[in-house]
Structure formats: structure tokens, C-alpha cells
Amino acid sequence: MCGITGWVSFQRDFSTATTETLDAMTATMACRGPDDSGVWIAPHAALGHRRLAVIDLAGGTQPMTIDTPEGVVAMVYSGETYNFRELRSELHARGHRCTTESDTEVVLRAYLEWGAAFAERLNGMYAFAIWDTRTEQLVMVRDRLGIKPFYYYPTDDGLLFGSEPKAILANPVADKTIGLDGLRELFTTIARPEQAFWEGMRQVPPGTVLTVGRDGIRATTYWSLRTMEHRDDRATTVRTVRELLEDTVARQLISDVPRCVLLSGGLDSSALTALAARHLRDSGERLRSFSVEFQNQQRDFVPDEWRITLDAPFARAVADHVGSEHRDIVLDGAALSDPAVRAAVVTARDVPTGFGDSETSLYLLFKAIREHSTVALSGESSDELFGGYRWFAEAAAHGMSTFPWLSVLPQAFVQRTRLLDPDLTAALDLDTYLADSFADAAAEVAGLDGESELEFRMRQASYLHLTRFLRAMLDRKDRMSMAVGLEVRVPYCDHRLVEYVYNARWSLKSFDGREKSLLRAASADLLPRSVVERVKSHYPITKDVAYTESVRAQASDLLATQQHPVFQLYDYDAVTKAVDRPADQLIEPDRFDLEQLLDFAIWLDHYAPSFT
């Protein structure tokens with residue numbers, strides 16, 4: 001896993017210029033790649049790379065180049081290609097001779113053999129850019145599900161690109177400007193495929209190849225979620241899900257550095273833990289597993305509709321059952337509310353997300369895990385794929401008039417606009433934005449002839465989760481993990497599994513009258529019965545009043561600086577009223593809004609953006 005960046009300019013000659021700007025862009029990726037760095041310069045292209053060494057520690061140095069009779073081809077690559085061994089064998093049969101054991105070289109040689117069409121052969125999570133001196137074109141490729149981030153910024157004579165916006169923003173050619181669409185994206189829980197928070201910036205859409213030449217930018221979609229008839233019966237479907245999971249877990253355990261799993265005690269992570277433990281046991285290795293806990297969690301925990309049970313007992317039951325070397329990472333309120341930790345999270349995300357301890361806890365969890373492992377497997381995306389969220393059942397019963405999660409999640413949680421300046425709230429017009437976005441996304445889904453209204457509706461619900469909700473979750477996971485140099489892999493995002501389960505009928509996905517019926521059936525023999533039957537519990541947030549008091553106190557301190565630029569966006573009087581409540585009376589919507597305020601203040605201080 002790595003950080004990549006670059007600059008293409010058809011009106012400049014980089015070979016006669018200093019690398020100062022490229023070095024600055026590359027330096028912003030240091031957390032993503034703490035092990036090595038490198039740059040490569042051609043007359044019209046400059047590539048930068050920061051490396052986190054995972055496979056072929058000695059031979060995977062980048063930028064990687066291959067000399068051909070017609071010219072040099074150079075690449076910067078982030079991610080993992082899990083089928084690189086099979087591809088290497090195929091390339092060997094075609095006359096290629098790899099000089100390293102890295103998947104990076106396999107990907108570059110695959111491009112030499114098959115051109116841009118090679119992307120269809122890859123299984124993995126990746127974002128990479130290839131500068132081909134033979135054609136003077138840049139080829140940019142992103143994985144099918146958008147697991148790895150990839151941003152670009154068109155310029156008058158080319159473009160800038162990077163794993164994160166901060167790499168692009170380090171170039172003076174890019175403007176640090178925010179428009180209403182960026183703010184709309186921030187204040188809603190949808191992630192449009194190409195939308196980036198910063199004005200003028202875009203994301204390479206998942207499953208897309210972008211080709212950049214003198215004639216402009218051309219996009220080619222090599223993969224998308226397509227509607228296909230699912231003909232397998234229940235037994236065959238369950239067996240196929242299990243086989244695909246076993247294969248993808250085995251592939252994603254390939255590593256030359258220590259591995260582990262993130263174990264919450266829910267069905268998703270527990271199934272992965274059991275499969276990973278079984279696979280490693282066959283080679284005489286014991287799996288490591290990690291869970292997050294909050295200090296005094298048992299004392300403070302009160303069951304609610306989102307978290308019926310604590311994670312810890314279930315996680316320990318799974319660890320005991322499969323024999324993993326388990327460790328609980330215990331976080332206290334002081335660490336979660338530490339302004340320095342909040343600042344680290346905001347700068348890692350490049351946006352003021354405002355999700356408080358749900359992100360600071362993830363950052364601290366990953367930071368603690370990084371002391372023991374470099375690669376972790378996560379159960380991310382299982383709920384989106386198998387229909388695990390409670391709002392799937394709501395959509396099945398009552399239909400959809402908006403994104404399914406918005407019909408169940410409290411509006412104050414998902415929008416967090418109650419403390420904004422009223423004029424800004426009116427200009428954002430989030431209701432219209434959400435309605436238009438929903439209509440556009442839902443219209444992308446094709447049905448099957450003879451498909452019932454319920455089946456088509458649930459196909460739409462699945463599509464919306466996999467293309468508009470999951471990507472926000474994947475981005476959070478990537479930024480928090482890579483901020484501390486931890487590579488997190490997501491087996492449930494294997495495109496073969498996604499294609500298969502996406503097209504399975506809703507009647508199969510809910511055949512036992514519960515959420516995630518297929519996954520439960522496919523993993524039931526691997527897990528304790530208590531875990532198999534456990535009702536979904538969402539990622540925990542702290543209930544510690546001391547944490548809420550710290551948030552309130554920090555917001556109160558901010559009020560003392562009435563001229564702070566954050567109050568160009570926030571209503572000073574509304575913030576004052578929220579802060580005046582004692583912490584034990586500060587209801588969660590107020591706390592969420594204040595966390596967003598604090599993130600905005602940090603972000604404004606760090607980036608000093610302008611607004612349009």
C-alpha cells in the first residue's frame with residue numbers, strides 16, 4: 001500500500017526544472033508510505049511515490065520503469081493485486097521475464113502486454129498511473145469498488161493527480177476552493193462516484209480507466225454493477241458464497257509482513273476471522289485479532305436500537321473458538337477528545353467530516369494495531385452487500401422515496417446542519433440536492449424481465465448502497481488506516497463476490513426472515529451459535545459524559561474567538577445556546593453538531609480555503 005502523485009503538463013519541460021514542487025506533493029503522502037520514497041521525471045510528466053512495503057520488500061521500489069524498444073514506460077502504484085501470481089505465470093508464458101517478486105511489476109508488464117484492457121484482468125484494490133513515453137499519454141486506473149482513493153485536477157495543459165487531495169493541493173496550480181456542491185456532499189451521507197469536496201477536483205470513478213493526452217481526458221468504464229439473472233437455488237448460492245469467501249480470504253492473506261483481522265464479534269468480521277484462522281493454521285501460523293473497546297464501556301453501556309449488545313463478549317468468544325491471538329484496544333475519553341487527535345483525523349481526511357469519536361476511535365485503533373501488524377483484514381462492505389442494515393427491511397416493507405439509510409437514520413445525525421448560518425443552509429438546499437441525487441442514482445439500475453416490484457426495489461437498494469454509501473465508508477477506512485501506515489484489506493469487496501451476491505434475489509438474501517441470510521448460512525459451521533444468531537450492532541460510540549464535556553468545553557473556547565472564520569459558516573448564537581447546556585443534558589444531535597463545528601475550525605486553520 002502506498003501513496004501516489006503526479007503532474008502532467010504538455011506545455012512544460014520538467015526535465016529542465018527542479019523537483020521542488022513534485023517533492024512537496026510526494027511528501028504529503030509520507031504517512032501512506034513510511035518505508036521509501038521516489039520520483040521520476042520525463043519532459044511532460046512527473047511521478048511521485050511513497051511506499052509502504054508489503055510484498056517483495058526489497059524489489060518493489062517505485063516509481064517503476066521498464067525500457068522498451070520504443071521508449072520507457074513508468075508507473076506509480078498504490079494497492080494490491082491479489083491474482084498477481086496467476087498473471088505472472090501467464091505473462092511468463094508470453095515471453096515476459098519479471099525481475100522482482102512484486103505485484104507492481106506484474107501490473108506494469110500486464111499493461112505492456114494487453115494495453116489499457118489489462119485492467120479487466122486484475123483482482124484487487126488499486127489506484128495507479130502509467131506514463132507511456134511511446135504515446136505521451138497518462139493511463140490512470142482505479143479498482144472496481146473504489147477501495148483505493150484516486151483524485152485528479154484538470155489543468156489548462158494536463159492534470160495533477162494524487163491518492164489524496166492534499167497531494168494535489170501542494171501544487172500551487174491547484175486552488176484551495178470550496179463550492180456549494182462540495183459542502184452538499186459533506187452534509188449528506190452520499191458519495192457520488194466522481195464528486196470531490198474541492199472545487200475543480202474530481203475522483204477517478206471506480207472501475208474506470210482515464211487516458212490523458214494532448215487531446216484531453218478520455219474515460220473508459222471497464223467494470224460496473226450489471227443486472228444479470230441469478231439461476232442458482234438456495235443451497236448452490238450458499239455454497240458459492242462460501243467458496244468465494246474462502247478463496248478471497250486466502251488471496252488477501254498474501255503478505256511478506258505481519259497480518260491480522262479486525263474482530264468486532266459481529267457476523268461479518270467473525271466469518272473472516274474464522275476463515276483466516278483456518279487458512280493460517282494449515283501453514284502452522286496463528287492469526288492475530290484486534291477489537292476496540294472504550295474505558296468503562298460496561299459501566300456506561302445502555303442498549304439502544306442501534307447497539308443492542310456489547311461487542312467484547314462476542315469478539316472474545318470468536319477468538320477462543322478459532323484460537324486467534326486476541327487483543328482488545330481500550331480507548332479512554334481523554335484520548336478520543338484530544339484536539340491533537342482530532343486534528344490528525346481532519347488532516348487525514350482533508351475534509352471536516354464531523355463524525356467525532358467514530359473516527360478518532362478508528363484512527364487510534366489503527367494506530368495501536370500498527371505497532372503489531374502492517375496488514376489487517378476488515379469486514380467492511382458486508383452489510384452493504386448482504387443487506388445487513390435495518391433500513392433494508394424498511395425499504396422492503398414500505399418502499400423508497402430517498403436513499404434507504406436516510407429514511408431511518410436521524411436527520412440531525414446525517415446532515416448536522418442545525419448550527420449553520422441560516423443563509424448558508426438555505427443556499428445548500430439539501431432536500432433538492434438529495435432528491436436529484438437519488439433520482440439520478442436509482443435510474444442507473446436496470447431490472448429483469450418479469451422481475452417483481454419488490455425484487456427490483458431491493459436491487460435498487462443494494463445498488464445505492466454499493467455505489468453511494470459504501471464508498472464513503474471505504475474512504476473513511478482508507479484514510480484512517482493509511483494515516484498510520486496500516487494496510488486494511490476488504491475481502492467482501494472482491495468483485496466476483498459482489499457481482500454474484502448483488503444479483504441474488506432478495507428472497508434469497510432474506511430467506512430466514514433476517515438480515516444477511518446468505519452470509520449466516522455460509523459461515524454457520526465456523527462460528528459459535530451466539531455469534532451466528534447475534535443481531536447486528538453498529539460501530540460503537542462512547543457514552544462517556546467526560547467525552548461530551550470535553551467537546552462542549554472545546555466549542556466554548558472557540559466562542560471566545562468570535563472572529564474565527566468558522567463563524568462565517570456557523571451561527572454564533574446557535575452555537576452559544578448549544579454550548580450553554582451541561583454535558584449531561586447535551587443530547588446527541590447537539591454533540592454531533594459541535595463535533596462538526598470543531599472539525600471545521602481545525603480544517604479552516606489548516607487549509608485556509610476560499611469559498612465560491
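Residue numbers run from 1 in the order of the sequence given. Quick caveat, the model's predicted, so the values are computed rather than measured.
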A.B. asks: How far apart are the C-alpha atoms of D232 and Y500, what are their side-chain angles, what is the distance that settles it, and do they pass the side-chain hydrogen bond (donor to acceptor under 3.5 Å, both in side chains) test?
C.D. replies: CA-CA 10 Å; D232 292 346; Y500 187 77; 2.6 Å; yes
A.B. asks: Classify the angle between the aromatic ring planes of F10 and H44 as parallel (below 30°), tilted (30 to 60°) or perpendicular (above 60°).
C.D. replies: tilted
A.B. asks: Counting only N and O atoms by type, is there a donor-acceptor contact under 3.5 Å from the side chain of R281 to the main-chain atoms of V322?
C.D. replies: yes
A.B. asks: Looking only at atom types and distance, does a side-chain atom of T68 sit under 3.5 Å from a main-chain N or O of G71, one as donor and one as acceptor?
C.D. replies: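 Yes.
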A.B. asks: Check the pair F128 / Y77 against ring-ring contact (aromatic ring centres under 6.0 Å, His included), numbers first and verdict last.
C.D. replies: CA-CA 4 Å; F128 55 86; Y77 171 85; 5.7 Å; yes
A.B. asks: List the steps, then state whether side-chain hydrogen bond (donor to acceptor under 3.5 Å, both in side chains) holds for E384 with H465.
C.D. replies: CA-CA 5 Å; E384 291 83 357; H465 279 83; over 6 Å; no
A.B. asks: Answer yes or no: is there a donor N or O on one side and an acceptor on the other, between the side chain of S15 and the main chain of A42, under 3.5 Å?
C.D. replies: no
A.B. asks: Is the side chain of S270 donor-acceptor paired with the backbone N or O of G266 at a distance under 3.5 Å, no angle test?
C.D. replies: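 Yes.
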A.B. asks: Can you name the residues that form a side-chain hydrogen bond (donor to acceptor under 3.5 Å, both in side chains) with S382, not counting sequence neighbours?
C.D. replies: D268
A.B. asks: If we only count heavy atoms from C-beta on, is the L526 to L275 side-chain gap below 4.5 Å?
C.D. replies: yes
A.B. asks: When you look at H92 and R97, which way does the side-chain hydrogen bond (donor to acceptor under 3.5 Å, both in side chains) test go after all the steps?
C.D. replies: CA-CA 6 Å; H92 183 84; R97 294 295 179 267; 3.2 Å; yes
A.B. asks: Do D440 and S437 get their side chains close enough for a donor-acceptor pair, meaning under 3.5 Å?
C.D. replies: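 S437 and D440 do not have a side-chain donor-acceptor pair below 3.5 Å.
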A.B. asks: Looking only at side-chain N and O atoms, does T237 offer a donor or acceptor that is under 3.5 Å from a partner on H230?
C.D. replies: yes
A.B. asks: Does the side chain of L280 come within less than 4.5 Å of R286's, by heavy atoms?
C.D. replies: no
A.B. asks: So, do I130 and F118 sit near enough that their side-chain heavy atoms are less than 4.5 Å apart?
C.D. replies: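 Yes, at least one pair of side-chain atoms sits under 4.5 Å.
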A.B. asks: If you define the side chain from C-beta out and look only at heavy atoms, does anything of V498 sit under 4.5 Å from Y492?
C.D. replies: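 Of all side-chain heavy-atom pairs linking Y492 with V498, none is under 4.5 Å.
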A.B. asks: Only one of L160, V173, N171 clears side chain to side chain contact (heavy atoms under 4.5 Å, CB included) with T21; which?
C.D. replies: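 Of all the options given, the one that passes is N171.
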A.B. asks: Verify side-chain contact (heavy atoms from CB on, under 4.5 Å) between R288 and S373, making sure each step is shown before the conclusion.
C.D. replies: CA-CA 9 Å; R288 295 175 176 177; S373 295; 3.6 Å; yes
A.B. asks: Do the side chain of R259 and the main chain of L253 share a donor and acceptor less than 3.5 angstrom apart?
C.D. replies: yes
A.B. asks: If I take atom OG from residue S269 and atom CD from residue E380, how far apart are they, to the nearest 0.5 angstrom?
C.D. replies: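 It is 11.0 Å, given to the nearest 0.5 Å.
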A.B. asks: Backbone N or O of R50 within a donor-acceptor pair of the S37 side chain at under 3.5 Å?
C.D. replies: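 No, the answer is negative, given that no donor and acceptor are paired below the 3.5 Å cut-off.
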A.B. asks: Would R278 and D282 pass as an ion pair if we require N to O under 4.0 Å?
C.D. replies: no
A.B. asks: Regarding Q195 and R202, do their side chains bring together a donor and an acceptor under 3.5 Å, going by distance alone?
C.D. replies: no
A.B. asks: Do any N or O atoms from the side chain of R32 and from the backbone of C2 form a donor-acceptor pair under 3.5 angstrom?
C.D. replies: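 Answer holds: yes.
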A.B. asks: Is it true that atom CG of D156 has more than 12 heavy atoms of other residues, nucleotides or ligands lying nearer than 6.0 Å?
C.D. replies: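 Open.
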A.B. asks: Evaluate Y222 against T208 for side-chain contact (heavy atoms from CB on, under 4.5 Å), listing each step before the verdict.
C.D. replies: CA-CA 6 Å; Y222 71 90; T208 299; 5.5 Å; no
A.B. asks: Are more than 12 heavy atoms from other residues, nucleotides or ligands located less than 6.0 Å from atom CD of E70?
C.D. replies: yes
A.B. asks: So K509 and M458, do their side chains get closer than 4.5 Å, heavy atoms only?
C.D. replies: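 Not touching, per the 4.5 Å side-chain cut-off.
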A.B. asks: Could you tell me whether a side-chain N or O of R479 sits under 3.5 Å from a main-chain N or O of R349, the two making a donor and an acceptor?
C.D. replies: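 Such a contact is found between R479 side chain and R349 backbone.
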A.B. asks: Testing the 3.5 Å rule here: is there a donor-acceptor pair between the side chains of S9 and D157?
C.D. replies: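 Yes, a side-chain donor-acceptor pair sits under 3.5 Å.
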A.B. asks: Can you find a side-chain donor-acceptor pair between T353 and E359 that sits under 3.5 Å?
C.D. replies: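 Yes, because at least one side-chain N or O of T353 sits under 3.5 Å from a partner of the opposite role on E359.
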A.B. asks: Heavy atoms, side chains only, cut-off 4.5 Å: are E185 and R192 in contact?
C.D. replies: yes
A.B. asks: My understanding is that only residues two or more places apart in sequence, or in another chain, count here; which of them pass side-chain contact (heavy atoms from CB on, under 4.5 Å) with T467?
C.D. replies: L225, Y463, R471
A.B. asks: Could you tell me whether E86 and R88 make a salt bridge, using a distance below 4.0 angstrom between a side-chain N and a carboxylate O?
C.D. replies: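 Not counted as a salt bridge, because no side-chain N and carboxylate O are separated by less than 4.0 Å.
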A.B. asks: Could you tell me whether the side chain of R327 and the main chain of F290 form a donor-acceptor pair under 3.5 Å?
C.D. replies: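 Absent.
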A.B. asks: Heavy atoms only: give me the nearest A441-L464 pair and the separation to one decimal.
C.D. replies: CB-CD2, 3.4 Å
A.B. asks: How are the rings of W223 and H495 set to each other: parallel, tilted or perpendicular (split at 30° and 60°)?
C.D. replies: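 Correct class here is perpendicular.
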A.B. asks: Between W7 and F14, does the ring centroid distance fall short of 6.0 Å?
C.D. replies: yes
A.B. asks: Give a yes-or-no answer on whether the side chains of D494 and Y82 include a donor-acceptor pair shorter than 3.5 Å.
C.D. replies: no
A.B. asks: So does K477 get a backbone contact from the side chain of S481, meaning a donor-acceptor N/O pair under 3.5 Å?
C.D. replies: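 Judged by distance alone, yes, a pair lies under 3.5 Å.
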A.B. asks: Identify whether the distance between the nearest side-chain nitrogen and carboxylate oxygen of R459 and E451 falls below 4.0 Å.
C.D. replies: yes
A.B. asks: Measure the shortest side-chain to side-chain distance between Y126 and V141 over non-hydrogen atoms and say whether it is less than 4.5 angstrom.
C.D. replies: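 When only atoms from C-beta onward are counted, V141 and Y126 do touch, with a gap below 4.5 Å.
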A.B. asks: If you apply the rule side-chain hydrogen bond (donor to acceptor under 3.5 Å, both in side chains), what do you find for T26 with D23, and how did you get there?
C.D. replies: CA-CA 5 Å; T26 304; D23 289 341; 5.4 Å; no
A.B. asks: Any Lys/Arg nitrogen of R242 or E246 sitting under 4.0 Å from an Asp/Glu carboxylate oxygen of the other?
C.D. replies: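 Looking at E246 together with R242, the answer is yes, because their closest N to O distance falls below 4.0 Å.
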A.B. asks: Please name the residue in the list K176, R476, K166 that meets the salt bridge (Lys or Arg N to Asp or Glu O under 4.0 Å) test with D350.
C.D. replies: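 So, applying the salt bridge (Lys or Arg N to Asp or Glu O under 4.0 Å) to D350 and each of K176, R476, K166, only K166 qualifies.
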A.B. asks: Among residues at least two apart in sequence or on other chains, which ones pass side-chain contact (heavy atoms from CB on, under 4.5 Å) with T211?
C.D. replies: Q137, V209, R218
A.B. asks: Using a 6.0 Å cut-off, check whether atom CZ of R94 has over 12 heavy atoms from anything other than its own residue.
C.D. replies: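 Enclosed: over 12 neighbouring heavy atoms sit under 6.0 Å from CZ of R94.
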A.B. asks: Report yes if the side chains of T248 and R496 come closer than 4.5 Å at any heavy-atom pair, otherwise no.
C.D. replies: yes
